[in-house]
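Below is one structure, written out as structure tokens; comments come after it.
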Protein chains: 2
Amino acid sequence: MSQGIACPKFLTDRKGGCSLLFARHCFPWDDEFMSKPETPIQKKNRSAIMNAGLEVFSKFGFRGSTLDQIALESGLSKPNILYYFKSKEVIYTTLLGELLTDWLKPVRDIDPDGDPIAEILGYAAHKMEMSQNYPRQSRLYANEIIQGAPRISNVLTSELHEVVDKFAQLIKSWSKKGLIRDVDPHHLIFSIWAMTQHYADFDFQVRAVLGHDDPFPKGEKHVEDMLRQMLTV
Amino acid sequence: MSQGIACPKFLTDRKGGCSLLFARHCFPWDDEFMSKPETPIQKKNRSAIMNAGLEVFSKFGFRGSTLDQIALESGLSKPNILYYFKSKEVIYTTLLGELLTDWLKPVRDIDPDGDPIAEILGYAAHKMEMSQNYPRQSRLYANEIIQGAPRISNVLTSELHEVVDKFAQLIKSWSKKGLIRDVDPHHLIFSIWAMTQHYADFDFQVRAVLGHDDPFPKGEKHVEDMLRQMLTV
DNA sequence: CCATGTTTTGACCAACTGGTAAAATCACGC
DNA sequence: GCGTGATTTTACCAGTTGGTCAAAACATGG
């Protein structure tokens, strides 16, 4: 409920996002009732802001980013941005929410009845593609974790923890059946994350060291090779 | 040469650091001549500032960190900090300089005549220890690379590139002699960096997912296992 | 073309930012 | 215990920051 301000009574209820995060975009006057669909203008401007926010936050983290930068990048004025999102923080957490959804899904989608090596390699390949196609998301996430995950620690210790434990159990069961080598499942998962996200987060270093090559084709092959060696009995 | 200001004519010439970075600590009045040894007070305060700077910059990056935070963390006043380092930027680049030195050295120290697998595993173990004992340095570096390495891109494309190429050649030669599997040397190096630094940069996530265990003993074993599988013919 | 709600803007604010200048305090060899 | 240089503090500044507000401009269906 808002005071004095122009107050369209709707709410954009695109509830996707990780459950623990209010990944719903917010208007200042949002309340829980009465929603209207987005107008084209809203859609356009919100996505421009999301894109600009991603661009800026993924580089400089929350503290290092400014609304002015986001305004410049999105082509909107600062007050106009605050018309669509009630604060810098909301832009940031909205981005994080969408990101977490995208990241948790493929872990959940692993098929316990599939071929173990194919499933694990498939997951790694998927993460690699995300590093290639959405490097900014990866960097945004890295930034948030590096500074201690102040806004998502609850997600890490609940949903992520849970989903990873389930995956780890699955891996363990595959090992026990002799379908893959006996590996530490949690640390296997960490090394998949590490190797794949490295190509997004350290993209600049990778390219600087490599010269002019596109790192991805060879990188993907290498990661696959590495995991196959690790997992094949 | 400085104007008007109290002007002790010395310079702390601890030239360590990566050649391309002025890793020398700076007094505002530093000039290239006439150096005096550090007084105990200087030593204490500088190292307090370095430590506080590392603490803050490694979390929030350059843009996201403030002199006030560093002042608070170090227990010195803001102007007093600027008495020892002439700007925020100098604190930051000094830290980066020291860090790059520490990181380049172990790559250079790899023995071409040693046992290939022992050398590579030894390097990985060393990086793992650095992640365990100096996680803030790792995060500082990650922060810098993520935002595009604006202050060290020249080091990446020259010294790092060079040193890595040499290491890669060595690995290639080991492969050719049949001492290790045929692997992509550059991407092998990347995966070593990725897996080891992950335990520092994503420490928070690792611990959140794992619960209360210390991740390092098992992590180190896992990485060793992984590399051994990858390299053994 | 009018009315209503939507979108955008310009002016503004208090808090914070990196940094300066000069005075005040301190440490220590003589 | 004095003097000199080293260190620290106090007061300050101009620019930036996230955010507010009311007014203006716009869109659109009737």
Side-chain angles (χ1 to χ4, degrees), chain A residues 2-12 25-30 34-49 52-53 56-57 60-72 74-93, chain B residues 2-12 25-30 34-49 52-53 56-57 60-72 74-93:
Chain A
S2 71
Q3 340 74 319
I5 203 172
C7 189
K9 286 292 193 302
F10 65 88
L11 169 165
T12 47
H25 304 223
C26 295
F27 271 101
W29 46 78
D30 275 0
M34 260 175 296
S35 74
K36 278 188 196 173
E38 266 180 330
T39 70
I41 288 179
Q42 282 163 27
K43 203 167 174 179
K44 195 193 70 187
N45 285 345
R46 277 152 170 318
S47 92
I49 294 168
V56 175
F57 284 132
F60 303 109
F62 180 73
R63 284 228 39 184
S65 303
T66 72
L67 284 176
D68 287 313
Q69 286 175 286
I70 297 172
L72 192 71
S74 67
L76 300 172
S77 69
K78 190 165 58 172
N80 205 9
I81 284 175
L82 292 166
Y83 170 74
Y84 289 101
F85 294 87
K86 80 162 179 296
S87 69
K88 179 185 167 184
E89 178 116 20
V90 170
I91 303 175
Y92 185 75
T93 50
Chain B
S2 70
Q3 341 71 320
I5 202 169
C7 191
K9 288 288 194 301
F10 64 88
L11 166 166
T12 49
H25 305 223
C26 294
F27 271 101
W29 46 78
D30 274 359
M34 258 176 293
S35 74
K36 278 189 195 173
E38 268 181 329
T39 71
I41 289 179
Q42 283 163 25
K43 203 167 175 179
K44 195 193 69 187
N45 285 346
R46 279 156 171 313
S47 92
I49 294 168
V56 176
F57 285 131
F60 303 109
F62 181 73
R63 285 228 36 185
S65 303
T66 72
L67 285 174
D68 286 313
Q69 286 175 287
I70 297 172
L72 192 72
S74 67
L76 300 174
S77 69
K78 189 164 59 172
N80 204 10
I81 284 176
L82 291 167
Y83 170 76
Y84 288 100
F85 294 86
K86 81 163 179 295
S87 69
K88 180 184 167 186
E89 178 115 18
V90 170
I91 303 176
Y92 185 74
T93 49

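Predicted model, so just to flag it, every value in this text is computed and none were measured. Each chain gets a letter, A, B and so on, in the order the sequences are listed, and its residues count up from 1. Only heavy atoms go into these numbers, but all of them, side chains included; no hydrogens, no water, no symmetry mates.
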### Query
Gln42(A) CD to dC26(D) P: how many Å, rounded?
18 Å
### Query
Is any side-chain heavy atom of Val90(A) closer than 4.5 Å to a side-chain heavy atom of Ser87(A)?
yes
### Message
OP1 or OP2 of dT8(D) versus the side-chain N and O atoms of Ser77(B): is any pair under 4.0 Å?
### Response
no
### Query
In whole Å, what is the span from the CD1 atom of Ile49(A) to the P atom of dT7(C)?
11 Å
#### Entry: Atom of Lys78(B), atom of Ala71(B) and distance for their closest heavy-atom approach
N-CB, 4.0 Å
### Query
Could you give the CG-to-C1' distance, from Leu67(A) to dT8(C), as a whole number of Å?
16 Å
### Query
Do Lys78(B) and dG18(C) share a donor-acceptor pair, side chain to base, under 3.5 Å?
yes
### Query
Considering only heavy atoms from C-beta outward, does the side chain of Ile70(A) approach that of Phe57(A) to under 4.5 Å?
yes
### Length of the line joining Phe60(B):CZ and dT17(C):C1', which is rounded to integer Å
16 Å
### Summary
To the nearest angstrom, the CD1-C1' distance between Ile91(A) and dT17(D) comes to 14 Å
### Task
For Leu76(B) and dT7(D), give me the distance from atom CG to atom C1', rounded to whole Å.
11 Å
### Query
Between dG19(C), dT6(C), dT17(C), which nucleotide gets closest to the side-chain atoms of Lys88(B)?
dG19(C)
### Query
Whole Å only: how far is the CD1 atom of Ile41(A) from the C1' atom of dT28(D)?
10 Å
## Note on the structure
Closest of dG18(D), dT7(C), dG19(C) to the Thr66(A) side chain is dG18(D)
## Note on the structure
Between Ser65(B) and Asn45(A), whichever has its closest DNA chain C nucleotide further toward 5' is Asn45(A)
### Query
If each of Asp68(A) and Pro79(A) is mapped to the nucleotide of DNA chain D with the nearest heavy atom, which maps nearer the 5' terminus, i.e. the 5' end?
Asp68(A)
### Query
Given atom CG of Leu72(B) and atom P of dT17(C), what is their separation to the nearest angstrom?
11 Å
### Message
With a 4.0 Å limit, can you tell me whether Tyr83(B) has a side-chain N or O closer than that to the phosphate oxygens OP1/OP2 of dT9(D)?
### Response
no
#### Entry: Closest listed nucleotide, where the reference is the side chain of Leu82(B) and the choices are dT20(C), dG18(C), dG18(D)
dT20(C)
## Note on the structure
Walking DNA chain C from its 5' end, the first of Arg63(A) and Asn80(A) to be reached, judged by nearest nucleotide, is Asn80(A)
### Query
Are any of the side-chain heavy atoms of Tyr83(B) and Leu76(B) separated by less than 4.5 Å?
no
### Query
Does a side-chain heavy-atom distance below 4.5 Å link Leu67(A) with Ile91(A)?
yes
### Task
Kindly point out which of dG19(D), dT17(C), dT8(D) is positioned nearest to the side chain of Ser87(A)?
dG19(D)
